[in-house]
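We name chains A, B, ... by the order of the sequence lines, and we start the count at 1 in each one.
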There are 2 protein chains.
Amino acid sequence: MFVNVNANPANRQKFTGELGGLTRAEVILSEFKYNRGAEIFGEAEPAEYVYQVIDGAVRSYKLLSDGRRQIGAFHLVGDIFGLENGPVHRFTAEAIIDTTVRLAKRVSLEHVAETDALVARDLLSMTTSNLQHAEDHMLLLGRKTSLERVAAFLLEMDRRLSAAGVMALPMNRRDIADYLGLTLETVSRALSCLHGKGILGFLGQTQRQIILLDRPGLARLDL
Amino acid sequence: MFVNVNANPANRQKFTGELGGLTRAEVILSEFKYNRGAEIFGEAEPAEYVYQVIDGAVRSYKLLSDGRRQIGAFHLVGDIFGLENGPVHRFTAEAIIDTTVRLAKRVSLEHVAETDALVARDLLSMTTSNLQHAEDHMLLLGRKTSLERVAAFLLEMDRRLSAAGVMALPMNRRDIADYLGLTLETVSRALSCLHGKGILGFLGQTQRQIILLDRPGLARLDL
DNA sequence: AGATTCCCTTGATCTGTATCAAAGGTCCGT
DNA sequence: ACGGACCTTTGATACAGATCAAGGGAATCT
C-alpha cells in the first residue's frame, strides 16, 4: 500500500534552493516525480519531508474505515504541502495527474527554524493559511447547499489556476465531490445547471476545461 | 452590535503570569468577565488580544449572509482562543455561559516570540492543534452521518470536560447542531436514539447533564 | 410564586441530495 | 484504428435529515 513505484533514487537530484517563502533557509532539496494516482505519503506515516508542487496537482484526503473520503485540499503548482508540526502526516497525499515535486527534509527545516526567527515565522504563516482554508471549508461543508459549494469551488480554482481565462481542472468529478462533501452526480448536475444559466462554458470536447462567463453571477451564488 | 456590555475597565486587573503553554513569556495579562451570550470579539474585527478561558465556555462561529451559522470550535476551561497570525479575527466568539477569560495583548506576545524561539514554537504548536481539529472536523462535516457526528461530539466533550463521569454540557442543542452541521431536531433525535440504546443517560431534570454508559459502544458508532 | 422566555422532545411531512441505472463520450494502450 | 477502462451526464427513485408544528419542561425575572 505504501510502496511507491516511483521511488527510484536515480530520479533524484540534489541542489540548494528555495521552498516557497523559505528563501532564507539552507536546506537539502530534491526533485521527484509521481505518476498519476501515485501515493506521495500516507496518513499516519512519519512526516520526513515537506513538499512543493513544481508541476501537476495533488489531493490530500482522509478516509473513514468504510471508504468514505474527504479531500481536505488540492495542492497546485507552487503550493507547499505535507508540512507537519507533529511526527506524522495527517492526510494521505496522491498525485492527481503526473506530478513533479521538490522536497526538503523536515528536520533540516526545523533545525533552521530554531535559529532563524524569519523561517519560524514563515512556518507559522504557512500553517495559518492552511488553518484559514480549513476554517472556510468547514463553513462550506457544514452549511452550504450543493450549488453554493460548486460555485465556491469554481471561484477558488479560478483564483488559483486560471491561465488566460480558461480553467483546466486536473481533477475529476469524484475528486471535486469528495472535496465538497457531495456525490459526483450532484457535482455534475450543479455544473450542468451553471452551464444552462450561461455562467460557465465547456471548452473543446473535454468537460474539464471550463470558462467562467459570469463571475459576478457565480459570486452571487456563493453566499 | 459590537458594543460589549461588560466592557467596564473597573473589572480589569493587571498581573503577570502564564497563558497556557506560554510559560516563558512576560506579557501583560488581565482578567475579564462576559455574561452569557455576550460577544467577546466579532469576525473581521482587529485581533488585539489573545484569550484563555478561566471559567465558562465560548463558541467561535462564522455566519453566512442569510444567518446560517457554523460553529468552528467550542473553547472550554484552559483553552486558548482568538490567536491570529493576520490582523483580524476570522470568527465571532461569544460566551455560551457566564465566562471569565484572561487576555494578553497580541503585540506583546508577538514581540516576545521574535526573540524567544520557544515561545515561537508554542505559537506554532497551538496553531497546529487548531488546524488538526479543523481537519478532523472537515471529515465529520463532509462525510459522517448524523448519528456518527453526535457520537463524535459526545466523545470529544467527554475527553475534554468530563468530571467524575458526568458531562455537564454548557451549550444548547442549537449550538451542538451548528457545530455538527445539523439541525437541533436531528441532534435531539440522535441523543434520544443513544439514550434508547442505553449508551447514555440523562442526569437530574435537565438534559444537559449526560453520563456515558457505554463508551466502547459510542466509539463503535463514530467510524 | 407566578409569569415569561427559552429549551427540548416528538410527530408529520417535505425536500435536497444520495443512490441506482444506463448510455455516450473520452482517453489510453496495443 | 480498435478495444477497454474510465469518466461524465442524465433520468428515476429512495431516503436521511430538514422543515413545520405542537406541547411539556426548565431556567430566569419580577
Side-chain angles (χ1 to χ4, degrees), chain A residues 35-37 59 64 66-70 94 96-98 140-151 153 168-196 200-210 221 223, chain B residues 35-38 59 64 66-70 94 96-98 140-151 153-154 168-196 200-210 221 223:
Chain A
N35 290 332
R36 189 166 90 96
R59 58 182 170 243
L64 292 178
D66 63 356
R68 279 174 283 172
R69 183 177 70 158
Q70 179 63 45
E94 280 175 4
I96 294 175
I97 51 179
D98 291 355
L140 179 146
L141 293 170
R143 288 301 180 213
K144 291 188 182 178
T145 67
S146 61
L147 197 59
E148 289 165 357
R149 294 180 200 208
V150 171
F153 168 76
L169 297 176
M171 69 291 284
N172 63 27
R173 300 292 189 254
R174 173 169 294 283
D175 288 334
I176 300 173
D178 285 349
Y179 180 59
L180 299 178
L182 300 169
T183 60
L184 65 92
E185 291 96 332
T186 298
V187 170
S188 178
R189 278 184 243 270
L191 289 171
S192 296
C193 169
L194 294 171
H195 187 210
L200 60 81
F202 294 105
L203 206 69
Q205 62 279 66
T206 172
Q207 278 83 328
R208 297 221 194 148
Q209 308 235 73
I210 291 177
L221 291 175
L223 291 191
Chain B
N35 289 332
R36 189 166 91 96
R59 59 183 169 243
L64 293 176
D66 63 357
R68 278 173 284 173
R69 182 177 71 157
Q70 179 63 45
E94 280 174 3
I96 295 175
I97 52 179
D98 291 355
L140 178 147
L141 293 170
R143 288 301 178 214
K144 290 189 183 177
T145 67
S146 60
L147 197 59
E148 289 164 357
R149 295 181 199 207
V150 171
F153 168 76
L154 289 172
L169 298 176
M171 69 291 282
N172 63 28
R173 300 293 190 255
R174 173 169 295 282
D175 288 334
I176 299 173
D178 284 350
Y179 179 59
L180 299 178
L182 300 169
T183 60
L184 66 92
E185 292 94 333
T186 298
V187 170
S188 178
R189 277 185 245 271
L191 289 172
S192 296
C193 169
L194 294 172
H195 186 209
L200 60 82
F202 294 105
L203 205 69
Q205 62 280 64
T206 172
Q207 276 84 335
R208 295 216 195 151
Q209 307 237 71
I210 291 177
L221 290 175
L223 293 189

- Could you walk me through whether L182(B) and F153(B) pass the side chain to side chain contact (heavy atoms under 4.5 Å, CB included) check? CA-CA 12 Å; L182(B) 300 169; F153(B) 168 76; over 6 Å; no
- Take L154(B) and L191(B) through the test side chain to side chain contact (heavy atoms under 4.5 Å, CB included) and record every step on the way to the result. CA-CA 10 Å; L154(B) 289 172; L191(B) 289 172; 4.0 Å; yes
- May I have the step-by-step check of side chain to side chain contact (heavy atoms under 4.5 Å, CB included) for I96(A) and N172(A), ending in yes or no? CA-CA 9 Å; I96(A) 294 175; N172(A) 63 27; over 6 Å; no
- Item | Criterion side chain to side chain contact (heavy atoms under 4.5 Å, CB included) on D178(B) and M171(B), from CA distance to verdict | CA-CA 11 Å; D178(B) 284 350; M171(B) 69 291 282; over 6 Å; no
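Among the protein residues, S188(A) comes within range of the nucleic acid bases, having at least one heavy atom under 4.0 Å from a base atom. Across all strands shown, R208(B) has heavy atoms under 4.0 Å from sugar-phosphate atoms exclusively, and none from any base. Residue contacts for L191(B): at a heavy-atom cut-off of 4.0 Å it reaches no nucleic acid atom on any strand shown. Among the protein residues, T183(A) comes within range of the nucleic acid bases, having at least one heavy atom under 4.0 Å from a base atom. Residue contacts for G37(B): at a heavy-atom cut-off of 4.0 Å it reaches no nucleic acid atom on any strand shown.
Residue T145(B) places its side chain closer to dG17(D) than to any other of dG17(D), dC7(C), dT17(C). Here the side chain of L182(A) is nearest to one of dC7(D), dC8(C), dA18(C), namely dA18(C).
Looking at R173(A), its side chain never comes within 3.5 Å of a backbone N or O of E185(A) through a donor-acceptor pair. Between the side chain of Q70(A) and the main chain of Y179(A), a donor-acceptor pair closer than 3.5 Å is present.
The nearest whole Å value for the distance from the CD1 atom in I96(B) to the P atom in dC6(C) is 18 Å. The distance between atom CG of L200(B) and atom P of dT9(C), rounded to the nearest whole Å, is 10 Å. For the pair Q209(A) CD and dC7(D) C1', the computed distance is 15 Å after rounding to whole Å. Computed from coordinates, the I97(B) CD1 to dC6(C) P distance equals 19 Å when rounded to whole Å. Separating the CG atom of L169(A) from the C1' atom of dT8(D) is a distance of 13 Å, rounded to the nearest angstrom. Between the CG atom of L194(B) and the P atom of dT9(C) there is a distance of 12 Å, given to the nearest Å. To the nearest angstrom, C1' of dC6(D) lies 12 Å from CZ of R174(A). Rounded to whole Å, atom C1' of dC6(C) lies 12 Å from atom CG of L184(B).
The base of dG11(D) sits with one of its N or O atoms less than 3.5 Å from a complementary donor or acceptor on the side chain of R189(A).
Under the salt bridge (Lys or Arg N to Asp or Glu O under 4.0 Å) criterion, R59(A) pairs with E94(A), D175(A), not counting sequence neighbours. With sequence neighbours excluded, the residues that form a side chain to side chain contact (heavy atoms under 4.5 Å, CB included) with R36(A) are D98(A).
Look at T186(B) and you won't find any side-chain N or O under 4.0 angstrom from OP1 or OP2 of dG17(D). Residue R173(B) places at least one side-chain N or O under 4.0 Å from the OP1 or OP2 atom of dT9(C).
Both R143(A) and V187(A) lie near DNA chain D, and the one whose nearest nucleotide falls closer to the 5' end is V187(A). Heavy-atom distances to DNA chain C give each of S146(A) and Q207(A) a nearest nucleotide, and the one nearer the 5′ end belongs to S146(A). Each of K144(A) and N172(B) has a nearest nucleotide on DNA chain C; the 5'-most of these lies closest to N172(B).
Bending across the helix from dA1(C)-dT30(D) to dT30(C)-dA1(D), expressed as the angle between its end axes from five pairs apiece, amounts to 60° (10° rounding).
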